[in-house]
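Keep in mind the model is a prediction, meaning the values are calculated, not measured.
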Amino acid sequence: MSRLILLPGWGLGPAALQPLIGALREQGVDAELAGLPAPGAGDPESWLAELDPRLPDDVWLGGWSLGGMLATALAARRGARCRGLLTLASNACFVAREDWPQAMTRDTFAAFRDGCAQDAAAILKRFALLCSQGCGEARALSRQLNQGIPAEATAQRLAGLAVLAALDNRAALAAFAGPQLHLLAEADALVPAAAAEPLQTLLPRGAVERIAGSGHAFVLERPQALAARLAAFIREADDD
């Protein structure tokens, strides 16, 4: 049985991925959820240094949003020690750069970060709404996401945002030679679906696919369909 470790996204905790974990297990994938690092430093290297010895070798790595970006960086770091990579609503760069405009604008991100420093509870409520935007049952999904928000210090949330802004996985995506599947949502308010084409050009082996009629929270909106796609990709790659 293939083993998959999934990392959650920023701010909303692991609850959003629990239905997907259950659905993956029904599909025959030994899936489990790992927590994000807890160090206060907001630099990717310290987070990866904490994750690498904690997570088992020779497994599939994946995650949602920030979790997917961390999984990508860790997969490239591990190389042959990683069986494959699966990301959900994750960009190569979360914040736009001159040579990667298919991302959140710098001004929008800066306003979000400043709002988190001033009133984290209000920003997390808004964030849950943005995650749900574009989904069929947006208000219900937003309420579900809000219910799973863990208690964290504002400093830890800000450190996570710093990591999110600093990560640039273009070289990591190009360097990882294992199988890769990256799923984006067509109506995502946080990660533009327009990133699909430039992402695909980076991959030495793998695919980028768009999920129609859904937003950033598609992991919670449609866990059964998502689990079926991920499990099929894992089986096909493991049979090669």
Verify the cluster assignment for L66 and L129: are they in a single hydrophobic cluster under the rule of side-chain heavy atoms below 4.5 Å apart?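 In one cluster: no.
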Spell out, yes or no, whether L158 and I123 are grouped together once hydrophobic residues are joined by side-chain heavy atoms under 4.5 Å, including indirect joins.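 In one cluster with L158: I123, yes.
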Name all pairs fulfilling the side chain to side chain donor-acceptor pair (under 3.5 Å) condition that reach into residues 61-70, sequence neighbours left out, sorted by first residue then second.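 As it turns out, the side chain to side chain donor-acceptor pair (under 3.5 Å) pairs with a partner in residues 61-70, which skip direct neighbours, are S65-H216.
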Under the side chain to side chain donor-acceptor pair (under 3.5 Å) definition, can you give me all pairs with a residue in residues 194-209, not counting sequence neighbours?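 Listed once each, the pairs are E197-R210, E209-R229.
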Do [X] and [Y] come within less than 4.5 Å of each other through their side chains, counting heavy atoms only?
| X | Y | value |
| --- | --- | --- |
| V163 | L70 | yes |
| Q102 | P198 | yes |
| L184 | L199 | yes |
| P204 | F176 | no |
| P223 | L226 | no |
| L190 | C131 | yes |
| F127 | C116 | no |
| L220 | P19 | yes |

When rounded to the nearest 0.5 angstrom, what is the spacing between [atom1] in [X] and [atom2] in [Y]?
| X | Y | atom1 | atom2 | answer |
| --- | --- | --- | --- | --- |
| E50 | L36 | CD | CG | 9.5 Å |
| R25 | L20 | CZ | CG | 10.5 Å |
| L145 | K125 | CG | NZ | 13.5 Å |
| F94 | L161 | CZ | CG | 8.5 Å |
| L7 | W47 | CG | CH2 | 10.0 Å |
| M69 | L167 | CE | CG | 4.5 Å |

I'd like to know if the side chain of [X] reaches the main chain of [Y], judged simply by a donor and an acceptor atom lying under 3.5 Å from each other, with no hydrogens or angles considered.
| X | Y | result |
| --- | --- | --- |
| S46 | D43 | yes |
| Q156 | P37 | yes |
| D57 | R81 | no |
| Q27 | A23 | no |
| S132 | A128 | yes |
| D52 | L48 | no |
| E221 | G136 | yes |

What heavy-atom pair brings [X] and [Y] nearest, and what distance separates the two atoms?
| X | Y | value |
| --- | --- | --- |
| D168 | C93 | OD1-SG, 3.3 Å |
| G134 | A187 | CA-CB, 3.8 Å |
| L164 | F109 | CD2-CE1, 4.4 Å |
| G68 | S90 | CA-OG, 3.3 Å |
| R54 | G35 | NH2-O, 2.9 Å |
| E98 | P101 | O-CD, 4.2 Å |

Tell me, which pairs form a salt bridge (charged side-chain N to carboxylate O under 4.0 Å, His left out) where one or both residues lie in residues 99-119, sequence neighbours left out?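 Every pair satisfying salt bridge (charged side-chain N to carboxylate O under 4.0 Å, His left out) with a residue in residues 99-119: D99-R170.
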Report yes if the distance between the aromatic ring centroids of F112 and W10 is under 6.0 Å, otherwise no.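 Yes, close enough.
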Let me see the working for L33 and I5 under side chain to side chain contact (heavy atoms under 4.5 Å, CB included), right down to the final yes or no. CA-CA 6 Å; L33 197 56; I5 308 294; over 6 Å; no
Intermediate values then yes/no, side chain to side chain contact (heavy atoms under 4.5 Å, CB included), N146 and L12: CA-CA 7 Å; N146 271 300; L12 300 177; 5.9 Å; no
The test is side chain to side chain contact (heavy atoms under 4.5 Å, CB included); show your working for L230 and L88 and say whether it passes. CA-CA 10 Å; L230 297 178; L88 313 166; 4.2 Å; yes
Give the intermediate values and the outcome of side chain to side chain contact (heavy atoms under 4.5 Å, CB included) for residues R157 and L124. CA-CA 10 Å; R157 299 193 196 281; L124 285 166; 3.4 Å; yes
Is R83 salt-bridged to D238, cutoff N-O under 4.0 Å?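 The answer is yes: the pair qualifies as a salt bridge.
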State whether the number of non-hydrogen atoms from other residues, nucleotides or ligands found under 6.0 Å of E236 atom CD is greater than 12.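 Count not over threshold, so no.
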Is it the case that atom CD in E186 sees more than 12 heavy atoms from other parts of the structure closer than 6.0 Å?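 It does: E186 CD has more than 12 such atoms within range.
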Quickly, which of L86, L85, N91, L61 forms a side-chain contact (heavy atoms from CB on, under 4.5 Å) with T72? Name it, please.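 Exactly one option meets the side-chain contact (heavy atoms from CB on, under 4.5 Å) with T72, and it is L85.
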